[in-house]
Amino acid sequence: MRVRLAAALAALTTLAIVTTALTTAGAHGPTRRKVQEQVEINATPAKVWAVIGNFQDMGWLAPVARTEGEKGNEIGATRRLTLKDGATVEEELYKYDAEKMSYSYRITAVDVKVLPVTNYSSTITVQPGADGKGSVVEWAGAFYRGFPNNEPPPELNDEAAIKAVTGLYRDGLDGLKKKIESGS
Amino acid sequence: MRGLLAALVLAACSAASAEQAFVTNQLSDNLTVVDLANLQPLATIAIGGKPAGIAITPDGSFAYVTSPDDKAVSVIDAAAREVVGRIAVGGGPLGIAVAPDGSTVYVADWYAAAIRVIDAKARAVVADIAVGASPSGLAVTPDGRLLLSADRDDDSVSVIDTATRERKAVIKVGTRPFGVTIDPEGKRAYTANVGSNDVSVIDLAALREIGRVKTGLRPYAVALAQGRGFVTDQYDGTVSVFDLATLAPLKRITVGDYPEGIAATADGRRIIVANWESNTLSIIDAEALKVIGEVKVGNGPRAFGAFLRR
């Protein structure tokens, strides 16, 4: 079984089957893990926010082919991401602050073969850069490993979950930087 | 009059100065001891095995800490701030509670629908109690007679007779109860229901749910003080406050990110909150309902259980 999402988003495009729909606050392991990644972008926070600030458009993330959802950027808004390989991820917005350029959402349904985590939530924030010029984008996530019971298989343990989310954030943020700085 | 007031304030200060928070930092694998009088860290104790749950004996002599990844409970001499024993319990130990007299420690096995009973003197598991699925929070009534287990994946609370070590009742509550807290009178219990975003109020004489209070998103645990309930809302980064008599919501107080463990100081004046994402404690004035202090702790503080040493 291939679950090396950590090896970037490559795995996202190789796995096509979506079967499970993990329920809200479902069963999970004993230890919630956290991942935080940042990127500096040579553009104003407003310009970066204009690219990522719409919850109904995750087109800035390379593996995402389509975003469909309801209720815009309201609390409780939902979106369904269809990845280029056909897999889907369902998400719900639970915090949104345009002034602070930050929003938080959680995954309501994803197959652990697509992302080996459960009870996943994350926050994206845009802040001014330290030099007062560019921007810093931070993507932070909190999640449990993909395997809810004791003695997880290696592809669904804590390390696999951290590796996958770190890879997702790293590639996502680096891609965002490239996209904005190249003006595309 | 002024002299009396000054004496009262002094008494309150000296009482508070004895109090400490023992904060389990799950991701840094250790425990931070914080002096609650001056809000300074006093010590860091290495634990290992992703420590999560904690129970301190009412006399303040021992702290028991669960390490799910090591399938063990650490015994800490709370005055010396040293690990003095380690008890193998198997499974996935998470929630933990200690009897009021300190003689017995109860550990919830997250995976096995069972509670392990530890003889505190022998430091060994001496019995098992069958409960519902994914037991998480545990609490013992002040008289020591009843043990409550929040059985998360069964949406219920098991009520155990500690004398016979058998389950005498199952009380249906909200969806996925996690923390459970019993009031000082032993009359009511409160569960934080992660799935239904509310608190269930249980009457311990009638052994049934008598009320429900809406909270923020993903409530974790409940603390009681000043006739109010204080609930950590993990996803909202707030503490929801409600009135214990009317069960009416009173306020939402913004704390750090992903607040989890919560407890009231002995004098009921302050509420201590562990913020899992922010790696801090928030200190709330329980009367004024506002944050009055913050302390840096280790990575991923959970402080799940009775984490204040009095």
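FYI, side chains are in, hydrogens and waters are out, and symmetry mates aren't considered; it's all heavy atoms of this structure. The sequence lines fix the lettering, A, B, ..., with proteins before strands; numbering per chain opens at 1.
Residues Asn150(A) and Gly92(B) share a closest heavy-atom pair of ND2-N, 4.0 Å. Of all heavy-atom pairs between Asp153(B) and Ala27(A), the closest is OD2-CB, 3.6 Å. Shown here for Arg302(B) and Thr31(A), the closest heavy-atom pair between the two residues is NH1-CA, 4.1 Å. For Trp276(B) against Ala142(A), the heavy-atom pair with the smallest separation is CZ3-CB, 3.5 Å.
Electrostatic pairing of Arg33(A) and Glu277(B) does not count as a salt bridge here, judged by no charged N lying under 4.0 Å from a carboxylate O.
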Next on the checklist: Let's go through Asn119(A) and Arg218(B) carefully: what are the C-alpha distance in whole Å and the side-chain angles of both, what is the deciding distance for side-chain contact (heavy atoms from CB on, under 4.5 Å) to 0.1 Å, and is it a yes or a no?
Outcome noted: CA-CA 11 Å; Asn119(A) 293 266; Arg218(B) 303 281 171 102; 3.9 Å; yes

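Both the backbone and the side chain of Tyr235(B) come within contact range of chain A, each with at least one heavy atom under 4.5 Å from a heavy atom of that chain. Residue contact with chain B, scored on non-hydrogen atoms closer than 4.5 Å, involves the backbone and the side chain of Ser121(A) alike. For Lys34(A), the parts sitting under 4.5 Å from any heavy atom of chain B are the backbone and the side chain alike.
Residue Lys133(A) places its NZ atom among 12 or fewer non-hydrogen atoms of other residues, nucleotides or ligands, all under 6.0 Å distant. In Lys290(B), the NZ atom is not crowded: 12 or fewer heavy atoms of neighbouring residues, nucleotides or ligands sit closer than 6.0 Å. Residue Glu70(A) qualifies as open at atom CD: its count of foreign heavy atoms under 6.0 Å is 12 or below. Annotation for Lys251(B): atom NZ counts as buried by contact number, over 12 foreign heavy atoms lying within 6.0 Å.
Considering CD1 of Ile162(A) and CG of Leu27(B), their distance stands at 7.5 Å, rounded to 0.5 Å. The distance from atom OG of Ser104(A) to atom CG of Asp236(B), rounded to the nearest 0.5 Å, is 9.5 Å. Atom CG of Leu217(B) and atom NZ of Lys95(A) lie 9.0 Å apart (nearest 0.5 Å).
Using modelled atom types, no side-chain atom of Trp110(B) and backbone atom of Asn149(A) make a donor-acceptor pair closer than 3.5 Å.
A heavy-atom distance below 4.5 Å is not found between the side chains of Arg32(A) and Lys50(B).
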